[in-house]
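Below is one structure, written out as structure tokens; the observations come after it.
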Amino acid sequence: MNTWRNASLAVTAAALLTLTTACGQENGTSSPNGQAVGNAAPAQQPAGSGYGSDGGYGSDTEADASAPKPAGRLAVWDSKELGKVLTDSAGFTLYRFDKDTADPPKSNCEDDCAKVWPVVPAGDATAAAGTDAALLGEVTRADGTEQLTVGGWPMYRYAKDTGPGDANGQGVGDTWFASAPDGKKAAVNADGPAAAEPADLAGLSVRKDPKLGDIVVDKRGMTVYRFKKDSAWPMKSACTGDCLKKWPVVSPVEKNDVDGVTTKGFTTFDRPDGIKQQSLDCWPIYTFSGDAEPGDTNGQGVGGTWYAVSPEAKLVGALK
């Protein structure tokens, strides 16, 4: 018994030492909420036309008559063609129907339509990381079931989407569109890839700003920020609730998907609200909703507490 207990204590100590090394500051301490990063985004696949023969919802499709599949934890897919697209936990695109209404929420897709466009049940659905959970709701359908709504719009999948990243329902009948994270139509850029998504950027990389110098940006090229009220040990975010609407968290990034940015204290912060957040040198990092496009630094110095992040995870331009 003593031998087993000693071995167990040794394993626990080794695990703690590993976390301490990964997320320590100069004094060698670490956050108990940090963990190894290892999320992979769904692979992007080309979107098809998805037009149906009846001009409304594509009833020529072989429908899946199985019971509605739970959505689970929603996610956001960065599509070069469509911008930010809301998906279910398995990476399947979620859609909205122009013939529905959002205020009040109402679904006008029934019977054969609902076979081609399976409804997303409200049940276990939870908000995607960095999105506003208050946008999620439900509407009671004619058959008494509860359907997930986002921004008031009922959510659906498309029977012709066979894998994560498919968006074959985009534009069907000029009434069906992939949903953005806020329930609006995903923003299609007529000139090709979405302007806010520069090609070939790493998950985190460095941009030289003419005023701030070298700063960290995410894979979309958007400026990354730190909050002075946060702490690295213990790792803690002081940005909660409505704050996260203005300052979305940076979702976990693969450690090998970083270019020029420190990987010291490069861990996932498991927030008390259930959202997983990337950290640099154990500091939680964010983007700013007031930045409309790559190159914007509108969050710099806001409230004397928000600052862009240097490649070494320091606050850029903050007073000591």
Side-chain angles (χ1 to χ4, degrees), residues 39-50 71 73-98 100 102 120 127-133 135-136 148-158 160-161 163-172 174-205 207 217-224 244-253 257 278 286-296 298-299:
N39 72 314
Q44 179 173 328
Q45 302 181 23
S49 62
R73 181 63 176 268
L74 304 183
V76 178
W77 168 42
D78 287 323
S79 164
K80 288 188 180 346
E81 287 77 25
L82 303 178
K84 288 187 170 296
V85 174
L86 193 64
T87 76
D88 64 15
S89 59
F92 281 81
T93 299
L94 301 188
Y95 298 89
R96 43 163 285 170
F97 186 30
D98 277 359
D100 288 348
V120 179
T131 64
D132 183 4
L135 291 174
L136 269 59
L148 175 69
T149 62
V150 178
W153 288 97
M155 290 289 112
Y156 307 81
R157 298 183 182 89
Y158 185 43
K160 282 188 175 180
D161 286 349
D166 282 354
N168 297 310
Q170 177 68 15
V172 168
D174 290 328
T175 55
W176 290 93
F177 298 92
S179 175
D182 58 2
K184 297 179 181 178
K185 297 176 185 178
V188 179
N189 186 336
D191 298 324
E197 298 200 32
D200 301 326
L201 282 182
L204 291 172
S205 60
R207 180 176 67 81
V217 296
D218 69 7
K219 62 184 175 182
R220 299 169 298 137
M222 305 303 288
T223 302
V224 171
L244 290 178
K245 298 177 185 178
K246 292 185 177 180
W247 301 93
V249 307
V250 174
S251 298
V253 176
D257 191 20
Q278 183 61 49
Y286 311 78
T287 55
F288 181 44
S289 63
D291 287 346
E293 60 185 30
D296 285 352
N298 298 315

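You'll find the side chain of Asp257 stays beyond 4.5 Å of the side chain of Leu204, heavy atoms only. The shortest distance between side-chain heavy atoms of Asp296 and Thr223 does not fall below 4.5 Å. Residues Leu94 and Phe92 have side chains not in contact (no heavy-atom distance under 4.5 Å, counting atoms from C-beta outward). Within the 4.5 Å cutoff, the side chain of Leu148 has heavy atoms near those of the Leu136 side chain. Counting heavy atoms from C-beta outward, Lys84 and Trp77 have side chains that stay 4.5 Å or more apart. Residues Thr149 and Trp153 form no side-chain contact, since every pair of their non-hydrogen atoms from C-beta on lies 4.5 Å or further apart. Counting heavy atoms from C-beta outward, Leu74 and Thr131 have side chains that stay 4.5 Å or more apart. Leu244 has its side chain within reach of Val249: a pair of non-hydrogen atoms, C-beta onward, lies under 4.5 Å apart.
A donor-acceptor pair is defined here as one N or O able to donate and one able to accept, closer than 3.5 Å; no such pair exists between the side chain of Asp291 and the backbone of Glu293. Arg207 contributes no side-chain N or O that, together with a main-chain N or O of Gly221, makes up a donor-acceptor pair within less than 3.5 Å. Although no hydrogens or angles enter the test, the distance criterion places a donor-acceptor pair under 3.5 Å between the side chain of Gln278 and the main chain of Val253.
Qualifying salt bridge (Lys or Arg N to Asp or Glu O under 4.0 Å) partners for Asp218, counting only residues two or more places apart in sequence or in other chains: Arg220. When the side-chain contact (heavy atoms from CB on, under 4.5 Å) test is applied to Ser179, the partners found at least two apart in sequence or on another chain are Leu86, Arg96, Met155. Listed by chain and number, the residues in a side-chain hydrogen bond (donor to acceptor under 3.5 Å, both in side chains) with Lys245 are Asp242 (sequence neighbours excluded). Under the side-chain hydrogen bond (donor to acceptor under 3.5 Å, both in side chains) criterion, Asp132 pairs with no residue at all, not counting sequence neighbours. Not counting sequence neighbours, the partners of Phe288 by the ring-ring contact (aromatic ring centres under 6.0 Å, His included) test are Trp247. Every ring-ring contact (aromatic ring centres under 6.0 Å, His included) that Tyr286 has, sequence neighbours left out, goes to Trp306.
The two residues Gly130 and Pro248 have their closest heavy-atom pair at O-CB, 3.6 Å. Minimum interatomic distance between Val85 and Ser79 (heavy atoms only, all atoms of both residues): CG2-CB, 4.2 Å. Nearest heavy atom pair, residue Ala129 against residue Ser251, reads CB-OG, 4.0 Å. Taking both residues in full, the closest heavy atoms of Asn298 and Gly290 are given as ND2-O, 2.9 Å, listed atom of the first, atom of the second, then distance. The heavy-atom pair separating Pro181 from Val150 by the smallest distance is O-CG1, 3.5 Å.
Asp161 contributes atom CG, which lies 5.0 Å from atom CG of Asn168 (distance to the nearest 0.5 angstrom). Considering CD of Gln170 and OH of Tyr95, their distance stands at 7.5 Å, rounded to 0.5 Å. The structure places CZ of Arg157 at 9.5 Å from OG1 of Thr87, a figure rounded to the nearest 0.5 Å.
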Applying salt bridge (Lys or Arg N to Asp or Glu O under 4.0 Å), run through Asp88 and Arg73 and close with a yes or a no.
CA-CA 7 Å; Asp88 64 15; Arg73 181 63 176 268; over 6 Å; no
What do the steps show when you test Tyr158 against Val172 for side-chain contact (heavy atoms from CB on, under 4.5 Å), and what is the final call?
CA-CA 10 Å; Tyr158 185 43; Val172 168; 4.1 Å; yes
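With ring centers used as reference points, Trp176 lies under 6.0 Å from Phe97.
Ionic pairing of Asp98 and Lys185 is present here: one or more N-O contacts between side-chain nitrogen and carboxylate oxygen are shorter than 4.0 angstrom.
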